[in-house]
Amino acid sequence: MLLQFLSVLWETLSLWVFLVFLAILLLIADYKKRIRPRDFPPGPLPLPFLGNILDVDSKNPHFAVRKLAQKHGNVFSMQFGNMWLVIVNGLSLVKEGLIQQGENFVDRPKFPLTYEIFGPFGLVFSNGLIWKQQRRFALSTLRNFGLGKRSLEERIQEESRYLTDAIEAEKGQPFNPHFQINNAVSNIICSITFGDRFDYHDNHFQKLLQLLDETLHLHGNIWAQVYNSFPTLMKHLPGPHQTLLKNWRQMESFVREIIGKHKKDWNPSEPKDFIDAYLNEMAKESVASSFHEENLLYSTLDLFFAGTETTSTTLRWALLYMAIYPEVQARVQAEIDSVIGQSRLPAMDDRDRMPYTNAVVHEVQRISNILPLNVPRMTTTGTTLAGFHLPKGTVLVFNLTSVLFDKDEWETPDVFNPGHFLENGQFRKREAFLPFSAGKRVCLGEQLARVELFLFFTALLQKFTFQAPKDVTLNLDFRMGLTVSPQPYRICAFCR
Ligand code: HEM
Ligand SMILES: *[C@@H]1O[C@H](CO)[C@@H](O)[C@H](O)[C@H]1NC(C)=O
């Protein structure tokens, strides 16, 4: 009896001793990974196994770590999984990284989640030669198919007519403008890349837009971040990250289908859109060319999602701000009435004569801050920033929020104030206006987005006055995703 008891005790004890021993071993092995490299930016103490993941409030990541910047300065580091992340704050350091030292910070990190989806291909997440060739080609092709040319302006004008018709059909009743705006904006990049727009009642396309919306929203989910920290584990666990991956595959097959159609109808002497031009490029024989099926697929997908979500989100913020600041809306409308009137559509030539409207569009972009932490970058070589050493392969976040709300740059950073972009009634450019980022990897669609924002916004305010529905108070609550977008809202559009 006693012997039996002792042997059980010994077995349990030895199991415990073994487990404790194992835990200590793992801690020691883990400890080395938690030590900052030499001369690395300071930051909060990472926990064993977890790193600093608990230091981030996932609901509000772009404002959550203010305390850390206050404590550690404008450049500090944190750890996610085994990866160090360096955060850079304030206009002068962000500019040094993105512009002065542009070449050293031009790469994107290979985050497990985006790498699982895009691999090394396309425009947004690629590096090196692939990125250089794809970006150069996309820029020049976008230019040829309308960027900066009349035809693009006409396409947007035509689309804004469809959009205002669809909104007029709501007859001033409360409605959620999300998918009409999404569809209108998406149609511009679709007509450039796919050669065609989609009707607002096209169910197939509406489903795709909904899928895109859901998917980009899932990127703001905590599980997406956990996936990046522990990819091998998460790959085998169910959860929202699996939906996210499945959705991307679905969007891919949508694009694949369209590419298939282009191949069938391909006429090399008459490229009608981005995909046609790409097929021509693929047919050229050249050594070390990155123009192949996979880059075609992912570059097209990149243009589609980056060209839809961002501009649409900004316009949805714009309508919300107009309804909440009716005096600003009225001044924009007064300017529209005096410069354009009601008998014709707004055109890009009008912008120079409409400083107030231009300022409002800029201020909406500044304050809505839709990509608060920019898109992450990675050092291509060992370098120094603010006196700290950053080894090759260090992942960086150039904090755009810290620039767009920099207290030394803006008179009233936290207030919606078009005056930030006005001086003696004239439009005033601001150095700290960097919603598109800057440098070699600056947003590829910046020109396109600016034209779209001005023309759509002006066309909407020319036709409608936006107001909160009766007995509803609109608010500026946001929703985290790949971008920061407004919470779904309903609004009334009254014909003017
Ligand atoms: C309001 C609208 C938009 C905003 C605020 C915006 C913002 C940004 C930002 C901050 C980046 C990251 C730049 C960096 O790493 O430094 C980016 C990249 C990119 N944007 Fe935009 N964007 C907008 C519209 C568009 C449109 C309409 C397109 C479609 C052509 C587009 C295509 C891209 C692409 C392809 C990249 C990746 C560029 C690269 O990695 O080389 N964007 N955008
Ligand atoms: C980015 O800048 C904003 C504004 O200065 C700040 O509140 C936030 O904590 C910063 N985010 C990070 C990750 O440093």
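Read the numbers this way: they start at 1 and go in the same order the structure lists the ligands and their atoms.
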Inset, instruction - Please could you name the atoms of ligand 1 that Thr314 approaches to less than 4.0 Å, counting only its heavy atoms? - result: 1 (C)
Inset, instruction - Would you check if the side chain of Asp302 reaches a backbone N or O of Val124 as a donor-acceptor pair within less than 3.5 Å? - result: yes
Legend entry - Nearest non-hydrogen protein atom, atom 13 (C) of ligand 1: Arg441 O, 3.1 Å
Legend entry - Test item: Thr164 side-chain N/O and Arg161 main-chain N/O as donor-acceptor pair under 3.5 Å: yes
Inset, instruction - Provide, to 0.1 Å, the distance between atom 37 (C) of ligand 1 and the closest protein heavy atom, together with that atom's residue and name. - result: Val124 CG2, 3.7 Å
Inset, instruction - Answer yes or no: are there more than 12 heavy-atom neighbours, outside Arg249 itself, under 6.0 Å from its atom CZ? - result: yes
Legend entry - Enumerated ligand 1 atoms positioned under 4.0 Å from heavy atoms of Ala449: 2 (C), 24 (C)
Legend entry - Sidechain N-carboxylate O distance under 4.0 Å for Arg331, Glu335: no
Legend entry - Whether Asp302 lies under 4.0 Å from ligand 1, heavy atom: no
Legend entry - Glu281/Lys284 salt bridge by N-O under 4.0 Å criterion: yes
Legend entry - Proximal ligand 2 atoms for Ile87, defined as those under 4.0 Å from one of its heavy atoms: 12 (C), 13 (C), 14 (O)
Legend entry - Contact (N/O only, under 3.5 Å) between Asn399 and ligand 2: yes
Inset, instruction - Return yes if some donor-acceptor pair links the side-chain N/O of Glu309 with the main-chain N/O of Asp213 below 3.5 Å, else return no. - result: no
Legend entry - Arg366 to Phe405, cation-pi by 6.0 Å centre distance and 45° axis angle: yes
Inset, instruction - Please confirm whether Phe274 and Phe137 have ring centers closer than 6.0 angstrom. - result: yes
Inset, instruction - Would you please determine whether Gln365 falls within less than 4.0 Å of ligand 1 on a heavy-atom basis? - result: yes
Inset, instruction - Write out the residue and atom name of the closest protein heavy atom to atom 15 (O) of ligand 1, then the distance separating them to 0.1 Å. - result: Arg108 NH1, 2.8 Å
Legend entry - Atoms of ligand 2 close to Asn89 [distance to a heavy atom under 4.0 angstrom, numbered from 1]: 1 (C), 2 (O), 10 (C), 14 (O)
Inset, instruction - Measure the distance from atom 23 (C) of ligand 1 to every protein heavy atom, then report the residue, atom name and distance (to 0.1 Å) of the closest one. - result: Thr310 OG1, 3.3 Å
Inset, instruction - Run the numbers for me: atoms of ligand 1, each under 4.0 Å from some heavy atom of Leu444, listed by number. - result: 19 (C), 20 (N), 33 (C), 34 (C), 35 (C)
Legend entry - Which residue and heavy atom of the protein sit nearest atom 11 (C) of ligand 1, plus the separation: Val375 CG2, 4.0 Å
Inset, instruction - Please confirm whether the backbone N or O of Phe125 pairs with a side-chain atom of Tyr298, one donor and one acceptor, at under 3.5 Å? - result: no
Legend entry - Protein contact of atom 20 (N) of ligand 1 - nearest heavy atom, named by residue and atom, plus distance: Cys443 SG, 3.2 Å
Inset, instruction - Note the single closest protein heavy atom to atom 32 (C) of ligand 1, along with its residue, its atom name and the distance in Å. - result: Ala306 CB, 3.5 Å
Inset, instruction - Mark up the atoms of ligand 1 that fall under 4.0 Å of a heavy atom belonging to Gly307, in ascending order. - result: 26 (C), 27 (C), 28 (C), 29 (C)
Legend entry - Contact check: Thr311 vs ligand 1, nitrogen or oxygen atoms, below 3.5 angstrom: no
Inset, instruction - Please work out which of the three classes, parallel, tilted or perpendicular, describes the rings of His420 and Trp410, given edges at 30° and 60°. - result: perpendicular
Inset, instruction - Grab the two heavy atoms, one from Pro44 and one from Ser77, that are nearest each other, plus how far apart they are. - result: CD-O, 3.5 Å
Inset, instruction - Could you list the atoms of ligand 1 found under 4.0 angstrom from a heavy atom of Arg135? - result: 38 (C), 39 (C), 41 (O)
Legend entry - Side chain, backbone, both or neither: Asp406 near ligand 2, heavy atoms under 4.0 Å: neither
Legend entry - Nearest-option assignment for atom 7 (C) of ligand 1, heavy atoms, candidates Leu315, Leu371, Asn374: Leu371
Inset, instruction - Salt-bridge test for Glu411 and Arg430: reply yes if a basic N is under 4.0 Å from a carboxylate O, no otherwise. - result: yes
Legend entry - For Pro435, atoms of ligand 1 separated by under 4.0 Å from a heavy atom: 5 (C), 7 (C), 10 (C)
Inset, instruction - Pull out every atom of ligand 1 sitting under 4.0 Å from any heavy atom of Trp131, numbered as shown with elements. - result: 39 (C), 40 (O), 41 (O)
Legend entry - Minimum-distance pair of heavy atoms, taken over all atoms of Ala386 and Leu93: CB-CD2, 3.9 Å
Inset, instruction - Using modelled atom types only, decide if a donor and an acceptor are shared between the side chain of Ser289 and the backbone of Phe291 within a distance under 3.5 Å. - result: yes
Legend entry - N or O pair under 3.5 Å between Glu452 and ligand 1: no
Legend entry - Atoms in ligand 2 flagged as close to Phe76, the criterion being non-hydrogen separation under 4.0 Å: 14 (O)
